[in-house]
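As the structure is a computational prediction, the values presented were derived from the model and not from experiment. For the numbers below, each heavy atom of this structure counts, side chains included, while hydrogens, waters and symmetry mates do not.
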Amino acid sequence: MTLEDLMAIAKQSRTTTTCPHCQALVCRGWDSVPGGFDLSRLTRVGSLRDPDADEPTLAEYHPNGTGAWSDDAPIALGWFPYNRCDVWQCSGCARPFLRYTEVGGYYTDERIRELQAHLIQQPPL
């Protein structure tokens, strides 16, 4: 997806926490998908992955001292973890989310973050 595609999805959606399909997702910053959440309630609408990048960067973009888990951290296209994300929408209300799988030595963790238009940036790498 391009920056323009992502902004269009973010701006056209309504954000709600009362939708019965996605109300369990309280994830302004990155969070683990809650145990028992039915992922089939989300529909994949695109990807932020660069198909030409074999090893996308693990560098993060936090110019204002935010951290990966901060609610106000920039959604920095091209930077980790956004360069490994797919874009999803709630099948009930179209609320948009970003998702990626964190892989460690002994675990995998499905992570999710609500897509917020005012945080989207495309800074140079």
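- Nearest approach of Pro34 to Leu25, heavy atoms of both residues: CD-CD2, 3.6 Å.
- The shortest non-hydrogen separation linking Glu114 to Ile75 is O-CD1, 4.3 Å.
- Residues Ala73 and Gly67 share a closest heavy-atom pair of CB-O, 3.5 Å.
- Side-chain atoms of Leu119 and Arg113, non-hydrogen and from C-beta on, do get closer than 4.5 Å to each other.
- Residues Asp86 and Ser47 come closest through the heavy atom pair OD1-OG, 2.9 Å.
- Residue Cys85 holds its SG atom at 12.0 Å from CE of Met1, rounded to the nearest 0.5 Å.
- The two atoms that bring Trp88 and Val45 nearest to each other are N-CG2, 4.2 Å, heavy atoms only.
- In terms of the salt bridge (charged side-chain N to carboxylate O under 4.0 Å, His left out) criterion, residue partners of Arg111 (sequence neighbours excluded) are, by chain and number, Glu102, Asp109.
- Contact between Gly29 and Asp71 at its shortest, heavy atoms only, is N-OD1, 3.3 Å.
- With a 4.5 Å cut-off on side-chain heavy atoms, Pro56 and Arg49 do not count as touching.
- For the pair Leu98/Ile112, no side-chain contact is recorded, criterion being any heavy-atom separation below 4.5 Å from C-beta on.
- Cys90 contributes atom SG, which lies 10.0 Å from atom CD of Gln23 (distance to the nearest 0.5 angstrom).
- The closest side-chain heavy-atom distance from Leu6 to Val87 is below 4.5 Å.
- With rounding to the nearest 0.5 angstrom, the CE atom of Met7 is 8.5 Å from the CG atom of Leu115.
- For the pair Asp50 and Asn83, the minimum side-chain heavy-atom distance is 4.5 Å or more.
- Using a 4.5 Å cut-off on side-chain heavy atoms (C-beta onward), His21 and Ser91 make contact.
- Tracing side-chain contacts under 4.5 Å through hydrophobic residues (I, L, V, M, F, W, Y), one never reaches Val103 starting from Leu48; they form parts of separate clusters.
- Among residue pairs with one or both ends in residues 57-70, those qualifying as side-chain hydrogen bond (donor to acceptor under 3.5 Å, both in side chains) are Glu60-His62, His62-Thr66; sequence neighbours excluded.
- The side-chain heavy atoms of Pro74 and Trp79, taken from C-beta on, include no pair separated by under 4.5 Å.
- In this structure, the separation between CZ on Phe97 and CG on Leu39 is 11.0 Å, given to the nearest 0.5 Å.
- Applying the ring pair (Phe, Tyr, Trp, His ring centres under 6.0 Å) test to Trp30 and every residue at least two apart in sequence or in another chain returns Tyr82, Tyr100.
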